[in-house]
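First the proteins, then the strands, lettered A, B, ... as listed; each starts at 1.
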Amino acid sequence: MTAVAENTEVGRARLRKEDARLLTGRTRWTDNIAVPGMLHMAILRSPHAHARINSVDVSAAAAAPNVVAAFCGKDVAETQGVLACAWPVTEDIVMPTYLPLAVTEVRHVGEPVAVVVARDRASAVDALQLIEVDYDPLPVVLDIEAALAEGSPLVHEDKGTNKCYTWVFDSAAAGSGGDVAGVVADAEITIKRRYVQQRLIPSFMEPRSVIVEPAAGEGGSWTVYSATQIPHILRFLLAATTGTPEHKIRVIAPDVGGGFGGKLAVTPEEWIAFAAANRVGRPVKYTETRSEAMVSAHHGRDVIQDLTLYAKRDGTVTGLDVKLLANMGAYLGIVTPGVPLLGAFMYNGIYKFPAYRFECTGVFTTTTKTDAYRGAGRPEATYAIERIMDELAAEVGIDPMEVRRRNWIRHEEFPFGTVAGLTYDSGNYEAATDKAMQLLGYDELRAEQAARRESNDPKQLGIGISTYTEMCGLAPSRVLGALRYGAGGWESASVRVLPTGKVEVVTGSSPHGQGHVTSWSQIVADQLGVPFDDVEVLHGDTRTSHKGLDTYGSRSLAVGGIALVMASQKVREKARVIAAHMLECSPDDVEFADGAFRVKGSPEASKTIADCALAVFAAHNLPDGVEPTLDSEATFDPEGFSFPHGTHLCAIEVDTETGEVAIRQYVCVDDVGRVVNPLIVEGQVHGGVAQGIAQALYEEAVYDAEGNLLTSSFADYTLPSSADLPDIVSDRTETPATSNPLGVKGVGEAGTIAATPAVVNAIVDALRPFGVIDVQMPCTPERVWRALKEVIA
Amino acid sequence: MIPAAFDYIRPSTVEDAVNALADAGEEGKVLAGGQSLLPVLRLRLAAPALLVDLGGLSQLRGIREDGDMLVIGAMTTHAELAASSVPLLAQVAATVGDRQVRHRGTLGGSLSHADPAGDLPTAAVALDAQMVLAGPHGRRTVAASDFFVDLFTTALAPDELLIEVRVPKLQGWQTHYTKVGRTAQAWATVAVAAAVRRENGSIAQARVALTNMGPTPVRASAVEQALAGVAVDGDAIAAAAAHAAEGTAPASDTTASAEYRSHLAKVLTRRALLAAVGR
């Protein structure tokens with residue numbers, strides 16, 4: 001495959017094609033869609049974290065005004081299907097049965113128990129109050145460590161354990177490094193730290209919504225509209241678990257208002273709506289409330305991390321041991337067990353560690369399930385390693401940036417095989433770091449910090465560093481297979497040139513706010529030499545885009561974008577044959593430049609893609625054996641991951657009296673490889689940083705002792721707004737990826753991965769002279785105040 | 001998030017509103033700006049049979065002078081108050097919620113809701129505001145300190161409306177409001193309203209009121225007493241502020257513990273007083 005020949009569009013800060021429609025409210029959210037004859041569904045959810053269901057009486061609800069049907073799990077036990085987990089990470093993993101509607105037992109607050117279908121939504125919600133459920137409460141299991149203790153109550157009695165799995169990576173066994181056990185004795189410095197990744201709620205803007213149109217009679221087909229990140233996977237799993245023929249299911253993801261991984265899910269609500277529509281024989285819509293989303297859509301993070309870092313006195317790391325306890329929640333979502341594995345390969349970060357061992361144990365609790373949330377495993381890994389590198393610097397007594405320099409992979413050492421078994425194809429940590437330090441004014445801030453320490457200023461200054469890398473471009477299918485993931489990692493694209501020379505592009509990567517339509521138009525415009533506005537991008541409907549693996553893990557551009565380049569090049573090569581025929585020469589004598597084919601050496605005669613498209617349409621004079629189409633399809637399966645990296649720095653003022661923290665400066669220099677659209681990249685960085693700061697300072701899902709989610713509305717779940725966030729100075733270095741022909745890496749999660757440790761490192765840096773070495777996230781004013789109080793007292 | 005069914009009226013006079021409330025008895029609820037009531041209805045924490053919308057009572061909107069008092073209509077929005085020059089209340093109103101809340105929410109609504117984390121009740125208590133209530137049997141005036149009875153509970157009878165708030169012009173006073181909250185739009189974890197009148201370099205009189213240090217806004221009487229007659233001086237103010245948590249009963253919740261709230265009350269009282277006197 002040849003690299004991109006010329007770039008007039010790629011690299012240009014195009015305004016997004018999507019925005020005029022999105023910003024003026026002319027959107028097609030699932031909840032905006034009305035299908036003729038459509039009914040509305042409401043779901044009764046468990047008020048108990050763990051209980052046996054003795055009986056459910058829906059008779060009064062079924063008789064309520066405007067109600068068409070009311071039913072419970074027992075009524076659809078045979079037909080509702082099950083929810084699948086696609087990632088059984090070990091052979092002996094414990095996989096509980098996950099029913100959409102609970103039948104005999106509920107295992108978290110918010111689990112669906114019964115359903116009302118009515119002619120309008122208000123009547124459905126009113127009738128829920130008439131359903132009577134007799135529960136026998138069972139013991140709750142909330143704490144991950146307690147859940148593993150002998151004699152703990154069990155989340156799934158039939159499994160006999162709360163342990164889901166233990167997955168191990170050892171660099172000695174893998175052949176990618178030494179044995180950690182072997183470095184313990186010689187370690188001059190040993191640092192042990194426990195970090196806790198609090199539970200987070202992926203707060204997508206649009207709540208989840210689904211409409212199911214059931215088959216109208218024998219041989220009919222189903223149409224499912226869903227606010228999902230994964231329409232193709234949804235279709236496959238609906239077919240696989242409900243027995244509905246796949247070719248009879250059409251899934252449409254219309255405009256989808258964000259996901260952050262929260263819509264990388266096949267949900268109980270989708271399955272229940274499917275069952276309800278089949279039961280009543282009419283289209284059924286379900287749109288959740290925000291509070292339902294918060295108790296029922298999967299959560300993120302919730303991991304206890306125990307790290308031991310071994311090093312020499314000069315700050316050179318000799319080994320890293322990582323032990324995780326990961327809270328699965330009550331059930332396994334589509335990739336729940338695999339999320340920590342996505343981090344397993346990243347705990348070594350940008351560094352050259354000789355030996356590495358990783359062990360993760362997944363644990364069931366009577367809480368909402370966890371699953372992918374922006375970064376999925378990599379934020380946790382990056383947080384832990386970037387925090388403990390600061391501890392190493394403090395122990396050695398050198399600047400935290402210097403300790404990183406002493407350990408990181410130098411730019412001339414790429415490609416570099418890491419201790420975790422990955423090959424980092426490219427990178428330049430020195431360049432990004434130098435630029436970031438200049439933008440921040442690192443040395444001046446260190447001087448100011450010293451002065452404030454000297455004068456006992458009640459507002460102390462901290463400087464936080466995060467030199468991160470992450471892996472994008474999920475994923476080489478063989479690697480996923482080796483990790484026991486149930487699907488591949490390829491992506492598909494097709495390109496069709498219409499008779500007038502306009503271009504329709506179909507992508508299997510289904511966006512939910514990323515701006516695919518714009519970026520894809522830019523790529524195709526360059527590849528085919530057509531105007532940006534002449535490209536239409538179609539997505540999110542399995543009838544037009546029959547093949548795809550959807551959008552998550554910063555994969556769209558690094559995988560789907562390459563498929564698009566491949567499909568475009570196929571079209572171009574076919575057009576070259578047609579153009580040569582029209583120009584009466586051999587295809588080998590034709591060159592493509594500035595949007596046209598010309599005979600080498602006689603540039604006056606030319607044929608554009610549009611000329612070729614019209615010739616194909618007429619088909620009067622095509623070369624022998626050439627089909628009259630100018631269409632193509634390509635599927636790209638990457639051979640390796642891509643590795644964005646960068647340096648994020650922040651300066652934070654900590655009010656030592658109140659514990660309040662204020663981010664004074666935030667600087668990030670990201671290297672996401674070749675940039676297709678700088679505006680979109682900037683937007684992703686800003687949003688990502690905001691979410692990373694939010695984990696550091698604001699967000700936390702909190703359960704009470706009975707397993708009730710206390711933070712089940714935005715009044716209690718502290719989501720920051722723009723008023724709480726700093727100005728973000730973002731810049732870039734551009735070291736192209738060598739793992740794909742576009743040189744792109746991925747940017748969807750970088751900000752989130754990088755920002756959290758930068759912020760917490762800054763807080764701890766400010767307070768280190770007092771003896772503070774950790775503040776539990778989110779670093780609320782009270783927690784900062786307590787951290788200080790404990791060491792001063 | 002769909003409220004239970006209710007009846008709705010939008011009267012154009014205070015009398016009609018009060019009579020409608022009297023007829024509804026315990027089943028009636030007053031809708032002002034709706035910023036607290038609508039979430040309660042949507043979560044079905046309350047299911048009143050009748051909503052009496054005061055949106056049509058334009059006579060309750062605006063600020064006028066009456067001698068040495070300022071009279072603020074109960075339907076005056078936070079945004080209007082923030083743009084005014086009413087002492088203390090203007091600054092406090094500017095910190096309420098977010099922009100959307102400030103343009104819908106009203107002074108009367110906030111005071112009548114009596115959220116212990118609300119900012120405006122504290123300001124009313126600090127200012128010794130007088131609350132004018134209208135009921136089916138006429139009007140009565142209640143002092144702010146008597147108006148706030150308990151958590152979300154005021155001196156208002158079910159058939160009474162808060163129609164206006166009278167506050168002194170406070171000429172010669174300096175005021176300041178300081179708060180700590182989890183986010184810019186969050187309720188106060190703790191906040192402090194301070195008003196100081198100086199004479200000849202000393203504090204002649206001080207009023208200090210605390211937000212979220214108990215079920216109702218409270219005056220920090222011990223601080224006020226300690227400040228009377230002392231020099232305008234950082235150490236003296238700090239010493240007085242150390243009494244801020246005395247007699248308070250703050251809650252422990254997901255936002256903060258009572259211990260931290262008590263600590264904040266002292267720090268923020270000192271800071272509010274220093275800011276008020278320009279230190």
Checking heavy atoms, do the side chain of A256(B), its backbone, both or neither come under 4.5 Å from chain A?
both
Between S291(A) and chain B, which part of the residue has a heavy atom less than 4.5 Å away: side chain, backbone, both or neither?
side chain
Rounded to the nearest 0.5 Å, the CG atom of L51(B) sits from the CZ atom of F6(B) at a distance of 4.5 Å
Checking heavy atoms, do the side chain of A715(A), its backbone, both or neither come under 4.5 Å from chain B?
both
Ring centres under 6.0 angstrom apart (H40(A), Y286(A)):
no
Side chain from CB out, backbone as N, CA, C, O: work out which of these in Q129(A) comes under 4.5 Å of a heavy atom of chain B, or both, or neither.
side chain
Interchain contact, R121(A) with chain B, by part (heavy-atom threshold 4.5 Å):
both
One pair to check against side-chain hydrogen bond (donor to acceptor under 3.5 Å, both in side chains): R261(B) and T248(B). What are the steps and the verdict?
CA-CA 10 Å; R261(B) 285 199 162 98; T248(B) 62; over 6 Å; no
Does any heavy atom of chain A fall under 4.5 Å from the side chain of R44(B), the backbone, both, or neither of them?
side chain
Region of E657(A) in contact with chain B, defined by heavy-atom distances below 4.5 Å:
both
Could you give me the CA-CA distance, side-chain angles and deciding distance for L31(B) and Y8(B), then say whether side chain to side chain contact (heavy atoms under 4.5 Å, CB included) is met?
CA-CA 10 Å; L31(B) 173 66; Y8(B) 168 91; 4.3 Å; yes
N-O pairing of E790(A) and R786(A) below 4.0 Å:
no
Exactly one of D143(A), T368(A), N708(A) clears side-chain hydrogen bond (donor to acceptor under 3.5 Å, both in side chains) with Y703(A), and that residue is T368(A)
D655(A), part contacting chain B, at a heavy-atom distance under 4.5 Å
side chain
Among V180(B), T254(B), L264(B), who wins on heavy-atom pairs under 4.5 Å with chain A?
V180(B)
